[in-house]
Amino acid sequence: MDALQRPSIPEDAVQYHLFLVYLDSSDAEAHERFLQQILQNILAEIAPLLVQYIWQHLPFNLRYHPEKGDVPAHLGGVTEFGDNVEDEWFIVYLLKHITRTFSDIAAVVYDNDGQFLLIEAAEHLPKWLDPDSSENRVFLYQGELHILPNCTRSGEVGWPRDSVPTVERALEVLHSHTESCLAKQPICVALAKRLDGYPDKIQQNFHRAHCYVPAGIALVLSRRPDLIAPAVSAFYLRDPVDLQACRTFHTFPPDARVMASIKFTRCLYAQLQQQSFVPDRRSGFTLPVRSHPQYRAHELGMKLAHGFEILCSKSGQSSSEKEASVSSNPLWRGFLDSLKKNGYFKGELEGSDHVTENLCYSFSSPAIQNPGQEMLKVLEDTSYSLEDLKNQEAHLPPEDSDAWLDISPRELERLLEERGGRGVSDGTRKTAPDEEVQEEEAGYSLIAVTQGMKNFINAMSSHEGAEIPSKDDELDSDDFEDDDEEDDSDVDEDEEVQNGESQEQAGAEALDNLRKYMDEMDQELQSTNIGRSFTQNNRTSNTADASKSSLADAGSELVEEEIQPLDVDLNLVSNLLESLASQAGLAGPASNLLQSLGIHIPPDADQS
């Protein structure tokens with residue numbers, strides 16, 4: 001197995017590789033220089049996106065990887081995104097952008113779930129494609145998703161589903177048969193829908209809030225807004241040992257606080273806002289009453305101060321290793337030259353501190369190794385006036401509404417249905433509560449419930465699970481493929497007829513045996529009370545067609561009873577409704593099954 005059949009990675013991490021689609025391994029050194037030059041160009045291309053982004057834990061990072069086993073030399077990296085899954089999807093957007101801009105680059109991306117791009121389009125995938133058969137077949141190329149085909153006949157493009165191509169061979173096929181490898185439109189549409197809104201979505205995922213913070217924090221975040229992430233994480237993941245440093249604030253004392261506009265990501269803001277915390281009385285932080293109009297700003301500022309103080313208490317001795325490593329990196333000058341060619345600096349001076357700091361962060365390390373140390377360095381290198389910061393309070397931009405934190409049950413259901421791929425309205429039309437109830441009742445049908453369950457039972461199932469009946473009228477050509485198709489392609493017609501007859505006979509015998517088994521089961525159950533738990537048909541006139549049985553015990557004096565046919569539909573609906581009622585509006589097996597079938601049953605109006 002090649003190296004891309006990879007060791008496990010953390011649950012909150014995404015891994016990515018960038019390959020050249022045409023390889024020239026004759027000169028390894030020249031190949032490495034070419035990849036390093038492409039790395040410069042890639043970083044220069046995406047720098048405007050990276051500089052404005054705030055990462056939850058680790059940033060997008062690329063470095064050169066030499067050839068190893070069957071995996072050719074390439075560029076790659078790993079990003080831990082923590083609780084913010086949007087970081088993962090932003091990386092997917094970056095990879096699509098890179099492969100669209102650099103047509104000789106193909107990208108592979110996966111996380112601990114494997115090919116999560118395929119999971120996003122799971123309802124549209126061909127039947128042969130699964131986690132085992134997708135190895136080294138899925139690429140982002142020329143800005144689109146490509147899947148190397150399943151080869152069922154000699155001469156076709158691709159590989160059989162049970163074989164894994166090498167990375168090098170897969171790249172050759174991708175380059176020479178690009179059109180054949182392009183994923184089908186529904187798959188591409190599903191992926192595009194998940195990435196809809198980028199790059200504008202970067203700004204939409206920010207949240208600006210007023211925070212009453214120590215002046216030093218306002219200064220640090222004005223120079224390095226990316227340091228908000230480790231500060232929030234330090235507070236969010238604090239322990240009693242961390243809080244010992246917050247009994248007395250040495251670095252960010254509370255006696256010199258200012259009101260500042262702080263930029264968070266929505267995930268960071270939610271983490272900070274939703275945690276209840278009471279500061280130590282020795283810390284000097286006091287909060288106004290909850291009814292105070294600036295209570296939230298004081299509370300957010302107090303929490304941020306704790307996060308910053310915790311990080312600085314762990315900073316150790318001051319060092320400029322990171323800055324030195326960036327300035328001495330031979331790629332740094334080429335990176336700056338590429339930026340100038342692309343017009344990145346515009347009105348900014350190339351050597352200005354603000355620009356250089358942001359570029360160093362984007363270019364250099366895959367992580368902020370010592371955020372507390374970097375905070376102290378900003379304070380050391382930058383002077384500020386408390387009076388000037390106080391004067392800026394009157395000109396702060398308005399803070400964003402955090403109404404997005406609150407979501408109604410109906411909105412949550414709509415979002416879940418959208419994520420599940422079911423057709424729902426776009427949510428723009430507002431309806432009154434009475435109208436909503438009428439719409440629910442109008443779309444509710446017991447016939448739809450029973451028919452949906454019958455379709456589900458009749459659908460294909462195996463040890464891997466059951467398939468949900470699709471509402472899409474389009475059938476993929478792969479739906480008609482059979483695993484044994486290759487083995488049966490050369491069978492003679494006479495042999496097929498004989499096999500068909502023998503299969504029919506075997507099927508008839510199996511059906512007769514099943515009927516006998518069911519009859520015997522009915523006779524056995526007649527002596528129990530289990531039949532009373534089912535609702536039977538009232539149609540007793542056709543007694544001639546009813547099955548009769550006597551008990552196996554010859555000495556029994558019980559009269560033969562007529563086995564009444566069950567009303568299967570009525571029993572099905574009754575049991576489902578009872579199960580729904582027992583869930584009391586919460587998630588459960590009945591509601592989950594019906595929702596997966598696209599069937600919505602309104603709430604029970606009878607509260608008794």
Worksheet item: After noting the C-alpha distance and the side-chain angles of L117 and L140, does the key distance pass the side chain to side chain contact (heavy atoms under 4.5 Å, CB included) rule?
Response: CA-CA 10 Å; L117 300 184; L140 290 171; 4.2 Å; yes
Worksheet entry | Stepwise side chain to side chain contact (heavy atoms under 4.5 Å, CB included) test for V157 and C151 | CA-CA 6 Å; V157 177; C151 174; over 6 Å; no
Discussion item. Set out, in order, the CA-CA distance, both residues' side-chain angles and the distance that settles side chain to side chain contact (heavy atoms under 4.5 Å, CB included) for W55 and F60, then state yes or no.
Written reply: CA-CA 8 Å; W55 300 93; F60 177 77; 3.6 Å; yes
Worksheet item: Going through the checks in order, is the salt bridge (Lys or Arg N to Asp or Glu O under 4.0 Å) test met by R169 and E172?
Response: CA-CA 5 Å; R169 186 74 184 98; E172 291 176 1; 3.2 Å; yes
Item to complete: Could you please spell out the steps behind the side chain to side chain contact (heavy atoms under 4.5 Å, CB included) verdict for T166 and N136?
Response: CA-CA 7 Å; T166 63; N136 293 349; 5.7 Å; no
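Under a 3.5 Å cut-off, the side chain of E309 and the backbone N or O of T251 do form a donor-acceptor pair. For N370 (side chain) and S315 (main-chain N/O), a donor-acceptor pair under 3.5 Å exists by modelled atom type. Of the possible polar contacts, one joining the R137 side chain to the P149 backbone as a donor-acceptor pair under 3.5 Å is found. Although no hydrogens or angles enter the test, the distance criterion places a donor-acceptor pair under 3.5 Å between the side chain of T79 and the main chain of P59. Proximity of a side-chain donor or acceptor of R194 to a complementary backbone N or O of A190 within less than 3.5 Å is not detected. T99 places a side-chain N or O within donor-acceptor distance of the main-chain N or O of K96, the cut-off being under 3.5 Å. Between the side chain of D242 and the backbone N or O of D239 there is at least one donor-acceptor pair closer than 3.5 Å.
Among all heavy-atom pairs drawn from L219 and S222, the shortest one is O-OG, 2.6 Å. Closest approach of M375 and V220 over heavy atoms only: O-CG2, 3.9 Å. For the residue pair C188 and E144, the shortest heavy atom distance occurs at SG-OE1, 4.0 Å. Minimum heavy-atom separation, L227 to P371: CD2-CB, 4.2 Å. Among all heavy-atom pairs drawn from C246 and I310, the shortest one is SG-CG1, 3.7 Å. Taking every heavy atom of both residues into account, L304 and I228 meet most closely at CD2-CD1, 3.4 Å.
I98 is not listed as a side-chain neighbour of Y16, based on a closest heavy-atom distance of 4.5 Å or more. Under the 4.5 Å side-chain criterion, counting only non-hydrogen atoms from C-beta, L272 is in contact with F264. Using a 4.5 Å heavy-atom threshold, the side chains of T178 and V21 count as separate. Side-chain contact between Q56 and C267 is present, with heavy atoms from C-beta onward closer than 4.5 Å. Put simply, the side chain of L145 does not reach to within 4.5 Å of the side chain of F139, judged on heavy atoms. By the 4.5 Å heavy-atom criterion applied to side chains, V173 and P165 are not counted as neighbours. Side chains of L129 and R161 form no contact here, defined as non-hydrogen atoms less than 4.5 Å apart. In this structure the side chain of Y110 never reaches within 4.5 angstrom of the side chain of V138, judged on heavy atoms.
The distance from atom CG of D104 to atom CD of Q142, rounded to the nearest 0.5 Å, is 10.0 Å. Of the inter-residue distances, the one linking I105 atom CD1 with L35 atom CG reads 7.0 Å to the nearest 0.5 angstrom. Note that the OG atom of S233 and the CG atom of L268 stand 6.5 Å from one another [nearest 0.5 Å]. Between the CZ atom in F308 and the CZ atom in F235 there is a gap of 13.0 Å [rounded to 0.5 Å]. The distance from atom CG of L43 to atom CG of L75, rounded to the nearest 0.5 Å, is 9.0 Å. Atom CD1 of I42 sits about 5.0 Å away from atom CG of L18, to the nearest 0.5 Å.
Under a cut-off of 6.0 angstrom, the local environment of NZ in K201 is crowded, with over 12 non-hydrogen atoms contributed by other residues, nucleotides or ligands. Environment of CD in Q204: crowded, with over 12 heavy atoms of neighbouring residues, nucleotides or ligands closer than 6.0 Å.
Take Q52 and apply the side-chain contact (heavy atoms from CB on, under 4.5 Å) test, not counting sequence neighbours, and it matches L49, I202, Q203. Shown here are the ring-ring contact (aromatic ring centres under 6.0 Å, His included) partners of Y236, two or more places apart in sequence or in another chain: there are none. For Y93, the ring-ring contact (aromatic ring centres under 6.0 Å, His included) criterion is met by Y198, not counting sequence neighbours. Every side-chain contact (heavy atoms from CB on, under 4.5 Å) that A13 has, sequence neighbours left out, goes to P10, V78, E80. Partners of Y22 under the ring-ring contact (aromatic ring centres under 6.0 Å, His included) rule, at least two apart in sequence or in another chain, are H175. In this view, D402 and Y269, R296 satisfy the side chain to side chain donor-acceptor pair (under 3.5 Å) rule, not counting sequence neighbours. In terms of the side-chain contact (heavy atoms from CB on, under 4.5 Å) criterion, S154 has no residue partners (sequence neighbours excluded). The side-chain contact (heavy atoms from CB on, under 4.5 Å) check on A270 picks up W404, L405, with sequence neighbours excluded. Partners of D12 according to the side chain to side chain donor-acceptor pair (under 3.5 Å) rule, which considers only residues two or more places apart in sequence or in another chain, do not exist here. With sequence neighbours excluded, the residues that form a side chain to side chain donor-acceptor pair (under 3.5 Å) with R238 are Q275. Taking E156 as the reference, T152 meet the side chain to side chain donor-acceptor pair (under 3.5 Å) condition, with sequence neighbours excluded.
Judged purely by distance below 3.5 Å, without hydrogens or angles, the side chains of N41 and Q37 pair a donor atom with an acceptor atom. Under 3.5 Å, the side chains of Q271 and D83 contain a donor-acceptor pair of N or O atoms. With no hydrogens or angles considered, a side-chain donor-acceptor pair links H17 and H74 at under 3.5 Å. Residues Q185 and H124 have side chains that never bring a donor and an acceptor to within less than 3.5 angstrom of each other.
Put simply, the residue from N205, T265, D87, D226 that forms a side-chain hydrogen bond (donor to acceptor under 3.5 Å, both in side chains) with Y53 is D87.
Aromatic ring centres of F81 and W89 lie farther apart than the 6.0 Å criterion allows.
Residue pairs satisfying the ring-ring contact (aromatic ring centres under 6.0 Å, His included) criterion with at least one member in residues 142-170, sequence neighbours excluded, are listed as follows: Y141-H146.
Because its NZ or CZ atom is both nearer than 6.0 Å to the ring centre of F206 and within 45° of the ring axis, K263 counts as a cation-pi partner of that residue.
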